[in-house]
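These notes are about the structure you will find just below.
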Amino acid sequence: MDLLPNSGSTARPGAANAVSEPSDVASTSRTDAVTSGIARTQDAIAESTDEQRRYASLKGGKRSEAGGGRTPAQPSRKASQDRPEGRRARRRAASAQVAVLLGRATDEAAGRDDEGDLGSDSIEGLRREAENAASAKRAAAARKARAGSSAKIGADRAFRKEGAAEKVRRAGRAKNRIQSRRTWLKARRAQEARAAANAAGAKAAAEGGARKAIATAVSSAAAPLAGALAAVVFVVIAALLVSQLVSSLFGFWENEEAKKAVEGLPPYVTTEMVEAALECQEQYGHPAGCTLAQIIVESGQGDHLSGLVTQDNNLFGIKWASSFAYCPEVAGKHSWSTKEEYGGQTVSIMADFTKFKSMRDCIVFRSRVLLQNQRYAGNALIQQAIAEKSSDKMAEGLKDAGYATSSSYVDSLKQAMDAYGLRRFDGMSLEDFRNGTANGNAIVAAAESQLGVPYVWGGSTPGKGLDCSGLVQYCYAQAGISLPHYSEDQASGGTKIPISQARPGDILWRPGHVAIYVGGDEYIHEPHTGDVCRRATGVSYFTCAIRY
């Protein structure tokens with residue numbers, strides 16, 4: 001380097017070693033970043049990088065030799081960058097680049113200052129450019145980091161979504177396994193049931209075979225004894241069957257007779273009503289014929305009973321009294337609209353009527369409570385009716401004691417007695433009614449009442465003149481049974497039975513003539529013109545008996 005001249009000397013223009021301007025001296029003597037060692041040039045950086053690569057190759061080769069002769073490892077770019085040496089190399093390269101830029105900027109600034117074109121502002125701009133480049137590089141790195149973070153978030157979301165889908169798939173597989181298990185259990189139970197049924201069938205077959213074998217052995221070993229026992233069993237069974245058949249037949253006949261006892265009555269008069277009336281007749285003395293006539297007159301409406309009966313079982317229109325509340329037959333009271341006669345005029349009124357537990361209870365209450373009241377029990381006509389068992393006297397006594405307000409009450413009761421032959425029940429017992437002999441007794445009694453009445457051809461007037469079929473028609477009417485007048489029609493309407501099986505009250509028939517059988521070898525009949533109704537013997541004179 002040339003020595004600096006004194007301040008007063010002047011250099012020659014164009015000399016090679018002369019310094020003409022102070023700025024040139026400052027420029028040539030200035031120490032930059034590369035000269036001072038703060039930053040390295042690109043060649044130095046490349047040389048340093050080559051030395052690092054050689055060092056890495058030698059280090060990898062040593063590891064390869066130690067590992068058994070493997071070839072030197074060539075670390076990947078990412079691996080080398082992830083090592084501390086790689087990170088330090090990257091930092092040094094970045095620092096060198098910044099230094100180069102700064103040095104270049106300084107040189108350019110200095111050069112331009114020498115030329116007089118640049119100043120401090122230009123240098124500051126170059127620094128900002130370098131800083132902007134560094135900021136851009138940091139921004140790029142930040143964007144890359146954010147991109148990596150976004151990718152990681154997306155990966156996490158995809159992972160969670162895949163996990164949820166996997167849970168759904170696992171739940172579906174679990175459900176399928178449960179359903180498969182249920183199906184298997186159902187099939188297993190069905191298989192076990194079939195096996196049990198087959199086992200039961202086999203067991204039954206085996207038992208049946210065993211029983212059959214035992215039966216075969218017994219039959220072959222004791223055939224004579226079995227035959228004797230079979231004969232005895234057959235006789236016993238036959239006897240039982242015959243007895244059952246006879247009992248059934250007699251029971252059927254008894255039931256039929258019980259039904260026939262009310263055949264001549266309206267359809268709503270039941271066997272229960274007749275039996276209750278007969279019970280009260282035997283216990284309290286009130287004629288049964290009048291009781292049944294009261295039911296027909298007060299409660300009958302055509303072929304059915306009134307609403308008072310169907311709802312409250314009140315057969316006689318008995319009004320309510322507070323003393324009735326404690327009677328065992330009574331179930332309470334109801335209000336009904338009714339028509340009553342006062343002073344010759346019929347008016348409609350509302351009144352409380354007694355409600356009974358059953359129709360039988362109503363009939364029993366009438367005789368046990370109502371007619372035992374002194375108002376009725378002390379009436380002379382009612383006392384006479386009870387003594388004589390007269391339904392006519394009872395009807396008159398009820399009206400006289402004020403039981404009914406209708407002026408035609410007695411006539412209505414007597415008309416019902418005539419129409420349905422109700423007086424026959426006055427002398428009838430409950431036992432006769434139940435065993436079927438009631439009708440026969442009533443028919444025989446009616447025939448005896450006509451003894452001495454003259455024979456009149458075609459006659460049908462009792463007490464004045466009757467023919468044979470007229471006598472039969474009248475007697476059966478007293479039992480409530482309606483018959484035609486002609487003898488052949490009477491025979492064809494009933495059941496023909498042998499005379500040996502005839503019972504009192506049956507009709508004895510031969511072509512052209514009929515009579516009433518009274519028992520034994522006797523009968524009552526109207527013989528012929530010029531004769532009267534009389535008793536006769538010789539039932540063999542007739543062909544058969546007719547039973548209704």
Side-chain angles (χ1 to χ4, degrees), residues 253 256-257 259-266 289 415-428 432 436-548:
W253 287 334
E256 288 299 314
E257 290 300 328
K259 292 178 181 178
K260 287 179 181 179
V262 293
E263 278 186 357
L265 302 183
Q415 289 174 3
M417 295 175 197
D418 294 337
Y420 299 107
L422 300 179
R423 295 178 182 86
R424 61 191 166 102
F425 293 102
D426 293 347
M428 188 184 298
D432 291 340
T437 61
N439 281 347
N441 295 337
I443 292 169
V444 170
E448 290 175 344
S449 68
Q450 298 302 308
L451 290 173
V453 174
Y455 177 91
V456 175
W457 186 87
S460 58
T461 305
K464 293 184 178 181
L466 301 166
D467 60 6
C468 64
S469 58
L471 173 66
V472 170
Q473 182 186 43
Y474 166 74
C475 293
Y476 270 75
Q478 304 314 299
I481 302 173
S482 178
L483 295 181
H485 187 92
Y486 185 50
S487 62
E488 296 301 322
D489 293 338
Q490 293 174 354
S492 62
T495 301
K496 293 182 179 180
I497 58 175
I499 294 177
S500 59
Q501 298 179 7
R503 293 185 302 195
D506 288 343
I507 301 173
L508 299 178
W509 174 85
R510 70 176 179 83
H513 191 59
V514 288
I516 300 296
Y517 179 66
V518 297
D521 195 35
E522 294 184 351
Y523 57 93
I524 295 175
H525 68 138
E526 286 279 5
H528 47 75
T529 302
D531 207 340
V532 295
C533 179
R534 58 185 175 86
R535 189 186 299 266
T537 59
V539 294
S540 59
Y541 173 74
F542 296 91
T543 303
C544 64
I546 307 296
R547 180 171 295 165
Y548 280 88

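What you see is a predicted model; the values in this text were computed from it and never measured.
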| query | Just wondering, do V518 and P504 contact through their side chains at under 4.5 Å, heavy atoms? | reply | no
| Nearest 0.5 Å, what's the OG-CH2 distance between S469 and W509? | 13.5 Å
| said: Is the shortest side-chain heavy-atom distance between S449 and Y474 below 4.5 Å? | reply: yes
| task | Hey, could you give me the CG/OH distance between L508 and Y517, rounded to the nearest 0.5 Å? | result | 7.5 Å
| What closest approach, in Å, do P527 and H513 show between heavy atoms, and which atom pair accounts for it? | O-CE1, 3.8 Å
| Which heavy atom of F425 sits nearest a heavy atom of G289, and at what distance? | CB-N, 4.2 Å
| query | Under 3.5 Å, side chain of E488 to main-chain N/O of P511, donor-acceptor pair present? | reply | no
| field | Residue pair Y476 / I546: nearest heavy atoms and the distance that separates them | value | OH-O, 4.3 Å
| Which heavy-atom pair separates A442 from A479 by the least distance, and what is that distance? | CB-CB, 4.4 Å
| For Y523, which residues count as a ring-ring contact (aromatic ring centres under 6.0 Å, His included) partner, sequence neighbours excluded? | H525, F542
| About how many Å separate CD1 of I507 and CD of Q473, when rounded to the nearest 0.5 Å? | 10.5 Å
| Hey, are the side chains of H528 and W457 touching, using non-hydrogen atoms and a 4.5 Å cut-off? | no
| Separation between CD1 of I516 and CG of L471, rounded to the nearest 0.5 Å | 6.0 Å
| note | Looking only at heavy atoms, the pair that brings G463 and V453 closest together is CA-CG2, 3.7 Å
| Given the rule in the side chain to side chain contact (heavy atoms under 4.5 Å, CB included) test, do L466 and C533 qualify, once you have shown the distances and angles that lead to the verdict? | CA-CA 8 Å; L466 301 166; C533 179; over 6 Å; no
| message | Taking the side chain as everything from C-beta on, heavy atoms only, tell me whether R547 gets closer than 4.5 Å to R503. | response | yes
| message | Quick one, D467 and H485 - any side-chain contact, counting heavy atoms below 4.5 Å? | response | yes
| query | Does any N or O in the side chain of Y548 come within less than 3.5 Å of the main-chain N or O of S482, such that one atom is a donor and the other an acceptor? | reply | no
| field | Side chain to side chain, L265 and L422, heavy atoms closer than 4.5 Å | value | yes
| request: Any chance you could measure R424, atom CZ, to I443, atom CD1, to the nearest 0.5 Å? | output: 9.0 Å
| field | Interatomic spacing from CZ in R534 to CG in L451 - rounded to 0.5 Å | value | 11.0 Å
| note | Minimal heavy-atom distance between D506 and I497, with the atoms involved, is OD2-CD1, 3.9 Å
| message | Run the side chain to side chain contact (heavy atoms under 4.5 Å, CB included) test on E526 and Q450 for me, step by step, so that the C-alpha distance in whole Å, both residues' side-chain angles and the decisive distance to 0.1 Å come before the verdict. | response | CA-CA 10 Å; E526 286 279 5; Q450 298 302 308; 5.7 Å; no
